[in-house]
Amino acid sequence: MLSYIELIISYIVLFILRIMVTKGIQQFFIKDGLIQSPNKWYIYEIVMLFVFTITGTLAALVRLIIFFFYAVFALFRLDLTVLPPSIASFDKGYSAFISAAVVEHTHHN
């Protein structure tokens, strides 16, 4: 079984490989917005399908682990939301806390 360090290192290596290969290959195969060699492009697409699948899966796992640790520490605090600020209104506990704080501020100030 892979250790966490090996998993993180492999994720970083595959992510860098993905960026380098994508930029280099696209400049090699695409000119003026057109694919110059479709047969080679198909091979590239098949190979990169596996790389993108691995990096995507690892990225999802890393995000899930980060969210889990954040949620464990922030879940029981109503003054923090586990959702991004743009959709924080969907967090009912956070909305109730903010509503109670606004009501208390209004009545006592």
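Throughout, numbering of the chain's residues begins at 1 and tracks the sequence. We use all heavy atoms of the structure for the numbers below, so side chains are in, but hydrogens, waters and symmetry mates are not.
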(message) For the CD1 atom of I43 and the CD atom of E45, what is their distance to the nearest 0.5 Å?
(response) 11.5 Å

(request) Supply the atom-to-atom distance Y42 OH to S37 OG, rounded to the nearest 0.5 angstrom. (result) 10.0 Å

(message) So which atom in V102 and which in T106 form the shortest heavy-atom distance, rounded to 0.1 Å?
(response) O-OG1, 2.7 Å

(message) Taking A101's backbone N and O only, do any of them form a donor-acceptor pair with H105's side chain (distance below 3.5 Å, no angle check)?
(response) no

(request) First locate atom CD1 of I65, then atom CZ of F68, and finally report the distance between them rounded to the nearest 0.5 Å. (result) 10.0 Å

(request) Kindly work out whether a path of hydrophobic side-chain contacts (I/L/V/M/F/W/Y, heavy atoms less than 4.5 Å apart) joins V13 to V47. (result) no

